[in-house]
Novice: 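Just passing along the structure, written as structure tokens.
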Amino acid sequence: MPKAEGSQRPRVAAPVTPLFSHASTDCAQCWTCARHCPAHAIKTDGSSQVEILDERCVKCGLCVIECPNSGQTVRDDLGAVRALLESDITVVALLSTEYVAALHPLTTEQIEQRLHAIGFTSVETTVLGEEIVAATYERLDALPATRTQLRSTCPVAVSWVRTFHPGLVDMLAPVVPPYIAQSRLIRMLYPEDTAIVYVSPCWARKDEVYEHDFFGDVDVAIGFDELRRLFDERLDDTNKDVPARRPRAVKQISVTDGFPRRVLAETDLTRCDVLVVRGLNDLDGICTAIGRGEVSPRVVDMLSCEGCIDGPCVNNELSVFTKRAIDAAERRRQPPAEIDSRAFLSALPVIEVDRIHAARPPLGPMPSDAEIDAVLAEGEFSREDVLDCGACGYPTCVAHAMAIWDGRSTWHMCFPLERRLFERERIKLSEAAVLDPLTGLMNRRAFDRRITEEVARTRRYGSPLSLCMMDLDSFKEVNDRYGHSAGDALLRAVAVLLKAELRAIDVAVRYGGDEFAMILPNTHKTDAWAVAEKIRDALQRLTVTTETDAMISSSASIGIASVGEATQHANDLLDAADRALYVAKRAGRNRVELAPG
């Protein structure tokens, strides 16, 4: 695409959309994002309502990576890239040096061809920027060491120190990232209207380019994942002629992200002069130790992951080991450098590589010990019996309690507590399935199962079994005269009496309404009659005080049947006891009758 002479590049404004967003429609409410966020920047109320707290977020992207259902998404910045490619200006694609692994299986030649085909004027990599940064670090190393230097151009690692260890901010090495150094070099060597699209291994760079110190150095940053999508949608002519490839610079001074090789080669690691830290957990640990004065290394090299080749935009389908092997194979394939990097850098214009680090605003007040104890008590914990299992995503129960105190989390995130609550509800539901809610006795459903089991046991072992069916006399009159609340109180009192009079192996059942049943294992008919008579006598002496202070009482009619030749099955036994009950009621009530046989 020809570029017009003297055209001005359109200024790309900082996006108003946050880098990470929560898609509630796709949220499975598993809270994986909250549990895996190392900064605990995911606020959840235990539902699909999830909020990313910008004041804590370090842009590591783990919430997106770990989400199993696309509930967390990354801002799409391809619109700004399309606008630049459709303009009449020079647009440079600036690739992070991990591009070979990130765009595998495309070769270097195929990548350049595709970039030119979709409209990029030129293709650069950050190799020179990494060499410039490494040379700057070497000059810093030559200065007298007065304190620890936290060395990182990783935006996530830098943000972690600025946010969670603000007291160490002045230890951060004041050096720009390699891609910023490279973009400033491009601005000095290319026409004034040149636009730069940086393709990054890391989502955090997509926001970092709009920070005050870097704004304007890069027009827009996208991830390698976005570049792949751009290839798919815009690659119309893969046979388009492309400019001849220029000699490529080779990293001779630097290793990962601009770290100088010489420091590693000349440092005695057994003295812990240089600590290499990978991952935010270890980074937090070393910063905490430095803050406490426990260690004082000369240099700490910090990255949030296993190098930029392990970044979230770099071919996540491949393991980091595979990606390293791909990168190493490409380096072996390239011809040796035609010129020494130091000589090459000396011929380049001098660019500004200094930066200023500032601590982020304080995170807010901290709860008192009493407030933490109160939150722990809500979760049925105390400091003495905390589990610190980490299932909530926090390292300790106290840390989780602090997050609950300031509204970032809830006890719904506590798996042990949720399991205890669930077990209680399960027990309640189980009891509700077999217990009468008014009296606490077994219900009709449980009775049907139990009487069948007891009859089968009696038939197998020949042990006696009796069944008593009991009906309260004139119970309807109690309800009609004193109300249903009085009737309910009487039924509860009867239940208490039955539990007191029966043995542990006996079963008392509210059969329905004012009718009760008593299963008496290992009990002959005559013994069952004695039990029933004792209960009948106790019932007629029972009085209950109503809410209006009225005294109510009732008698009972009871029918008894035992397993015999005519009652070999549960239904036969129940029918025989019911007939005996009917006889008792017809004979004047307040009496016990035995079924024949």
Side-chain angles (χ1 to χ4, degrees), residues 427 429-473 475 491-540 542 555-587 589-597:
I427 292 173
L429 290 173
S430 298
E431 291 177 346
V434 298
L435 297 182
D436 172 58
L438 177 63
T439 63
L441 301 178
M442 278 193 176
N443 60 21
R444 171 70 180 274
R445 178 182 179 184
F447 168 82
D448 291 341
R449 183 173 68 247
R450 186 63 176 270
I451 191 65
T452 301
E453 293 172 353
E454 293 296 341
V455 169
R457 185 178 293 108
T458 294
R459 293 178 60 186
R460 175 176 295 179
Y461 300 110
S463 56
L465 174 67
S466 295
L467 173 65
C468 302
M469 299 298 293
M470 181 179 78
D471 198 9
L472 299 184
D473 298 329
F475 181 74
L491 292 174
R492 286 193 291 267
V494 171
V496 172
L497 184 147
L498 292 179
K499 292 177 182 178
E501 296 292 343
L502 294 175
R503 301 169 301 175
I505 65 171
D506 299 331
V507 179
V509 178
R510 186 185 178 197
Y511 196 72
D514 62 328
E515 191 171 6
F516 295 82
M518 291 157 278
I519 303 174
L520 308 178
N522 297 321
T523 305
H524 293 282
K525 184 183 295 184
T526 53
D527 294 330
W529 184 90
V531 173
E533 185 62 29
K534 181 175 65 172
I535 290 173
R536 184 200 63 77
D537 181 64
L539 272 174
Q540 71 177 359
L542 175 69
S555 60
S557 301
I558 304 174
I560 301 172
S562 298
V563 173
E565 292 184 4
T567 51
Q568 292 288 310
H569 300 283
N571 289 339
D572 298 334
L573 186 64
L574 180 59
D575 289 343
D578 265 339
R579 288 193 297 269
L581 172 61
Y582 179 73
V583 171
K585 294 172 67 174
R586 189 173 58 179
R589 301 181 180 178
N590 191 24
R591 59 187 294 123
V592 178
E593 289 290 341
L594 297 173

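Because the structure is predicted, anything quoted here is derived from the model rather than measured.
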Novice: If I take atom CG from residue D473 and atom CD from residue Q540, how far apart are they, to the nearest 0.5 angstrom?
Specialist: 10.0 Å

Novice: Could you grab the distance from atom CZ of R492 to atom CG of L497, nearest 0.5 Å is fine?
Specialist: 15.0 Å

Novice: Any idea which heavy atoms bring A528 and C468 closest together, and the distance?
Specialist: O-SG, 4.4 Å

Novice: Just wondering, do I519 and D506 contact through their side chains at under 4.5 Å, heavy atoms?
Specialist: no

Novice: Any heavy-atom pair between the side chains of V434 and R449 that's under 4.5 Å?
Specialist: yes

Novice: Taking atom CE of M470 and atom CD1 of I560, what is their separation to the nearest 0.5 Å?
Specialist: 11.5 Å

Novice: Looking at every heavy atom in both K499 and T439, which two are closest together, and how far apart are they?
Specialist: NZ-O, 3.9 Å

Novice: Identify the two heavy atoms, one from A577 and one from M469, that lie closest to each other, and give their separation to 0.1 Å.
Specialist: CB-CG, 3.4 Å

Novice: Hydrogens and angles aside, do R503 and T523 bring a side-chain donor and acceptor to less than 3.5 Å of each other?
Specialist: yes

Novice: Show the numbers, then the answer: is there a side chain to side chain contact (heavy atoms under 4.5 Å, CB included) between L520 and L465?
Specialist: CA-CA 6 Å; L520 308 178; L465 174 67; 5.8 Å; no

Novice: For Y582, I'd like to know if atom OH has over 12 heavy atoms of other residues, nucleotides or ligands within 6.0 Å.
Specialist: no

Novice: Can you confirm whether I558 sits close enough to E593 that some side-chain heavy atom of one is under 4.5 Å from a side-chain heavy atom of the other?
Specialist: no

Novice: Flag the pair V507 / F447 as yes when at least one side-chain heavy-atom distance between them is below 4.5 Å, and no otherwise.
Specialist: no

Novice: Shortest non-hydrogen contact from A517 to L467?
Specialist: CB-CD1, 4.4 Å

Novice: Taking the side chain as everything from C-beta on, heavy atoms only, tell me whether V494 gets closer than 4.5 Å to L539.
Specialist: yes

Novice: Checking the side chain of N590 only, and the main-chain atoms of S555 only, is there a donor and an acceptor separated by less than 3.5 Å?
Specialist: no

Novice: When rounded to the nearest 0.5 angstrom, what is the spacing between CG in D514 and CG in L472?
Specialist: 5.0 Å

Novice: Have a look at D448 and tell me which of R444, R445, R450 forms a salt bridge (Lys or Arg N to Asp or Glu O under 4.0 Å) with it.
Specialist: R444

Novice: More than 12 heavy atoms of other residues, nucleotides or ligands under 6.0 Å from CG of D527: is that the case?
Specialist: yes

Novice: Quick one, V563 and T458 - any side-chain contact, counting heavy atoms below 4.5 Å?
Specialist: yes

Novice: With rounding to the nearest 0.5 Å, note down the distance linking CZ in R536 to CZ in R589.
Specialist: 14.5 Å

Novice: Looking only at heavy atoms, what is the nearest atom pair of S562 and H524, with distance?
Specialist: OG-C, 4.2 Å

Novice: Say whether N443 and R510, considering side chains only, have a donor N or O and an acceptor N or O under 3.5 Å apart.
Specialist: no

Novice: Assess the residue pair K585 and R591 against the criterion (side chain to side chain contact (heavy atoms under 4.5 Å, CB included)); give the C-alpha distance rounded to whole Å, side-chain angles, the decisive distance to 0.1 Å, and a yes or no.
Specialist: CA-CA 8 Å; K585 294 172 67 174; R591 59 187 294 123; over 6 Å; no

Novice: Hey, does the side chain of D436 reach the backbone of L441 with a donor-acceptor pair shorter than 3.5 angstrom?
Specialist: no

Novice: Quick check: closest heavy atoms across E501 and A538, and the distance to 0.1 Å?
Specialist: OE2-CB, 4.3 Å

Novice: Flag the pair L498 / F516 as yes when at least one side-chain heavy-atom distance between them is below 4.5 Å, and no otherwise.
Specialist: yes

Novice: Does the side chain of L574 come within less than 4.5 Å of I451's, by heavy atoms?
Specialist: no

Novice: Quick check for you: to the nearest 0.5 Å, what is the distance between D471 atom CG and E515 atom CD?
Specialist: 5.0 Å

